[in-house]
Amino acid sequence: MGRFIRLVGLGLVVGAVFPSAGQAQQRQPPDSVKARADSLKARADSLAARADSLKARGDTLKAARDSVAAIDSLERENLRIIEAQRKRGDTVKTPTPAAEMPVLTEVGEGLRWNREALFASGAQTLGDLLEGIPGLTIFRSGWMGSPQVGAMIGDFNRLRVFYDGIELDALDPRNGGMLDLSFVQIWQLEEVRVERAAGDIRVHLRSWRVRSTTANTRVDIATGDLETNLYRGYYGRRFGRGEALQLGAYQFSTRDNRGQGDADGLSLFGRVGWARGRFSTDASFLRTARDRTEQQRDETRDGVDLARFDGRFTEAYARAGFADTTVGIWAQVTAASLAHTQNNLAFRDTTIIPFQPTQPDLQFSRTQYVAAAGWGRGPLAASATVRMRRFEGLSFVSPSARASFETSRVTVAAFGEQQDERQRRLLDLSGRVLPISWLAFGAAVGQYTPTGTGAGPTMRTVRGEVGLRLHGAWLTAGVISRDTAQLIAPTVFDTGFVSAATGLTSGQFMSLRGRIWKDVGFNVAGTKWDAAGMYRPQYQSLAELYVNTGWRSRFPSGNFNVKAAISHEYRTAAYFPLADADALPSSQFRTLNFLLEIRLLTATLSYQFRNLLNEQYSQVPGFQMHRPVQVYGVRWQFFN
């Protein structure tokens, strides 16, 4: 009996254990099933990774398309309209060639403007646009039609302008070898980039291009005080095989009953081109005519008034390019013609060129040939350019080279040029380092070495700065120093002004650029030199407070934008030396300006008020600046 009980108990134990083991064995999948599951899981992970890769690639392609569309910033601003055009069968073509743009190394926001920002700045001339660059001073004798020149640390030789890779030379002999910025047109541009070297300012202008087969038409109309009237018209279109056609015109007129120089101007722009794949070519012209009456002096300076001007400037070129200048291997060749013609009467009251009654017009021209090639990959880029000028039977060759390394933390750029015409060699090196995201250090050094017979000493300029990020803005402060220099005279205003030698010059500067809180921002720049000097004020500042908002919470489509800005400019006196008398000072002054821009869809209403305080002052001794001026109008773009 006991043995039976033990057997029954053992059977129950076995029955309890083996079914559980069987059930566990049934739940445990075979090794092949596990392997297949692992394989399927790995494949799913691979597919997910591939999907992420494709999504990233799609994002990259979309970013590339956005970057290409940004060539015309107004099209970028109206992506919804472009998408609608594409749905109607519109296509986007390879852009026509564009000259190389330099890498900017200064701390904070670089000095660059796209097409949208150019018009929203309220600048009527290139001189207006360049106001506020530390170390650079713009001098003018009046409103829009008056001459404008720029001096870097008092040196008028240190401001250079390049238009589509062609350097704009000063052809008018009355200007004394310096470029009149009022004749450099900005209405037909798509980008401006300012390369601020240690002792040089090089301004690079890129003309407007179109990519869409849908016609792009635009009309700008403005009017205001001093009988100011502005009219601009644009037409651009690409065709099915890559052809391009662009036309533009700009007319302005002003009247001032105080004898400040009435002016009328007409500019014409045109381009025909072709681009397909990596090859492109185009031909472009820009012709600017101006008639300005005599501008009268005030009682602070005896002598003749600013003579009448009646003439025209023409810039034309033909260009062929291989590949885009921003990536890979690229090359371009350009042949350009620069010409200046003016009525001989313009020289009746000057001593630079004697009046010749038998010669109705004075003509000056030169050709410029440019061959450039470069390479870029990742953060590295390098290029070489050979520029040849030919005029009066002589040829001058100026080779140059660039190299840059650009990342989010470190940027370094080098530039070297041998200027045969001016008989000097230029070397520039600049860089920026961000050890942490909110702290940056920058430095630049430049050296001019005369190379001609009896050459003078080498001149060096150095600049150092430190910057702190404040939300979306950069606050920077720095020092700048230059060796002794020989300054040329701005004879475009007065042939009595003479050149001057200056010793070691040093100063401090600061700037604040960017948004500091939501849509509120500052553009502030100030410079203080150790002492007042020739052709530069001791203190100079330009401060702008602005609000620039699209009010996206109310208008998520981006079809509305408002920009309101008020700016304050302050300068102490700058001295203009004379041959037979003491140097004349310009005025110490402060002015207020206001700007308002309201965009609705593709129409922008613009209003600006300059010299709100009705300040009576002169930037050039003897010539009073304009009284308060209001200008208002509309810019309207169409996609037909």
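Because the structure is predicted, anything quoted here is derived from the model rather than measured.
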For this session: Consider only side-chain N and O atoms of Ser141 and Gln295, and report whether a donor and an acceptor are under 3.5 Å apart.
Result: yes
Exercise. According to the ring pair (Phe, Tyr, Trp, His ring centres under 6.0 Å) rule, which pairs have a member within residues 480-512, sequence neighbours left out?
Worked result: Phe497-Phe576
Problem set entry | Asn614, CG: over 12 other non-hydrogen atoms inside 6.0 angstrom | yes
Pairs under 3.5 angstrom only: tabulate donor-acceptor contacts from the side chains of residues 147-157 to other protein residues two or more places apart or in another chain.
{"from": "Gln148", "atom 1": "OE1", "to": "Thr125", "atom 2": "OG1", "distance (Å)": "2.9"}
{"from": "Gln148", "atom 1": "NE2", "to": "Thr125", "atom 2": "OG1", "distance (Å)": "3.3"}
{"from": "Asp155", "atom 1": "OD1", "to": "Asn157", "atom 2": "N", "distance (Å)": "2.9"}

Exercise. With sequence neighbours left out, what residues match Trp113 under side-chain hydrogen bond (donor to acceptor under 3.5 Å, both in side chains)?
Worked result: none
Exercise. Could Glu106 and Arg196 be called an ion pair, given the rule that one side-chain N must be under 4.0 Å from one carboxylate O?
Worked result: yes
For this session: Would you verify whether the NZ or CZ of Arg232 falls within 45 degrees of the ring axis of Phe119 while also being under 6.0 Å from that six-membered ring's centre?
Result: no
Seminar exercise, completed: Contacts satisfying salt bridge (charged side-chain N to carboxylate O under 4.0 Å, His left out) that involve residues 133-151 (not counting sequence neighbours) are Asp128-Arg140, Glu131-Arg140
Seminar exercise, completed: Contacts of Tyr570 meeting ring pair (Phe, Tyr, Trp, His ring centres under 6.0 Å) (sequence neighbours excluded), chain-then-number -> none
For this session: Indicate, with yes or no, if the rings of Tyr617 and Phe589 have centres closer together than 6.0 Å.
Result: yes
For this session: Tell me whether the guanidinium CZ or amine NZ of Arg287 lies under 6.0 angstrom from the six-membered ring centre of Phe269 and within 45° of its axis.
Result: no
Problem set entry | Full working for side chain to side chain donor-acceptor pair (under 3.5 Å) between Thr495 and Arg174 | CA-CA 9 Å; Thr495 56; Arg174 185 171 54 181; over 6 Å; no
Exercise. Looking at residues at least two apart in the chain, or sitting in another chain, which of them share a salt bridge (Lys or Arg N to Asp or Glu O under 4.0 Å) with Glu597?
Worked result: Arg635
Exercise. Counting distance only, does the side-chain N/O of Thr572 pair as donor-acceptor with the main-chain N or O of Tyr539 below 3.5 Å?
Worked result: yes
Exercise. With a distance cut-off below 6.0 Å to the six-membered ring centre and an angular limit of 45° from the axis, does Arg432 pair with Phe441 as a cation-pi contact?
Worked result: no
Exercise. With a distance cut-off below 6.0 Å to the six-membered ring centre and an angular limit of 45° from the axis, does Arg571 pair with Phe139 as a cation-pi contact?
Worked result: yes
Exercise. Who are the salt bridge (Lys or Arg N to Asp or Glu O under 4.0 Å) partners of Glu421, not counting sequence neighbours?
Worked result: Arg366, Arg389
Problem set entry | Salt-bridge present (Arg209, Glu190; N to O < 4.0 Å) | yes
Seminar exercise, completed: Only one of Arg158, Arg202, Arg112, Arg160 passes salt bridge (Lys or Arg N to Asp or Glu O under 4.0 Å) with Glu195, and that residue is Arg202
For this session: Check ring pair (Phe, Tyr, Trp, His ring centres under 6.0 Å) between Phe396 and all other residues, then give those that pass, not counting sequence neighbours.
Result: Phe391
Seminar exercise, completed: Hits for salt bridge (Lys or Arg N to Asp or Glu O under 4.0 Å) against Arg422, two or more places apart or cross-chain, chain-then-number order -> none
Exercise. If you take all heavy atoms of Met534 and Ala500, which pair is closest and at what distance?
Worked result: CG-CB, 4.0 Å
For this session: Identify the two heavy atoms, one from Val631 and one from Ala222, that lie closest to each other, and give their separation to 0.1 Å.
Result: CG1-CB, 4.1 Å
Problem set entry | Whether Asp264 side chain and Arg290 backbone form a donor-acceptor pair below 3.5 Å | no
Exercise. Just checking, is any N or O donor in the side chain of Thr228 or Thr254 under 3.5 Å from an acceptor N or O on the other one?
Worked result: no
For this session: Check step by step if side chain to side chain donor-acceptor pair (under 3.5 Å) holds for Ser587 and Ser618.
Result: CA-CA 5 Å; Ser587 299; Ser618 66; 3.2 Å; yes
Exercise. Do side-chain atoms of Ser404 reach the backbone of Ala413 as a donor and acceptor pair under 3.5 angstrom?
Worked result: no
For this session: With sequence neighbours excluded, tell me which residues meet salt bridge (Lys or Arg N to Asp or Glu O under 4.0 Å) with Arg513.
Result: none
Seminar exercise, completed: In short, salt bridge (charged side-chain N to carboxylate O under 4.0 Å, His left out) pairs touching residues 524-548 with sequence neighbours left out are none
Exercise. Just checking, is any N or O donor in the side chain of Tyr546 or Asn523 under 3.5 Å from an acceptor N or O on the other one?
Worked result: no
Problem set entry | Where at least one partner belongs to residues 465-481, residue pairs that pass salt bridge (charged side-chain N to carboxylate O under 4.0 Å, His left out), sequence neighbours excluded | Arg463-Glu465
Problem set entry | Nearest heavy-atom neighbours spanning His626 and Asn611 | O-ND2, 3.2 Å
Exercise. Looking just at side-chain N and O atoms, do Gln608 and Asn593 make a donor-acceptor pair shorter than 3.5 Å?
Worked result: no
For this session: Check the side chains of Gln419 and Arg425 for a donor-acceptor pair under 3.5 angstrom, ignoring hydrogens and angles.
Result: no
Exercise. Any luck finding a side-chain donor-acceptor pair between Tyr250 and Asp220 under 3.5 Å?
Worked result: no
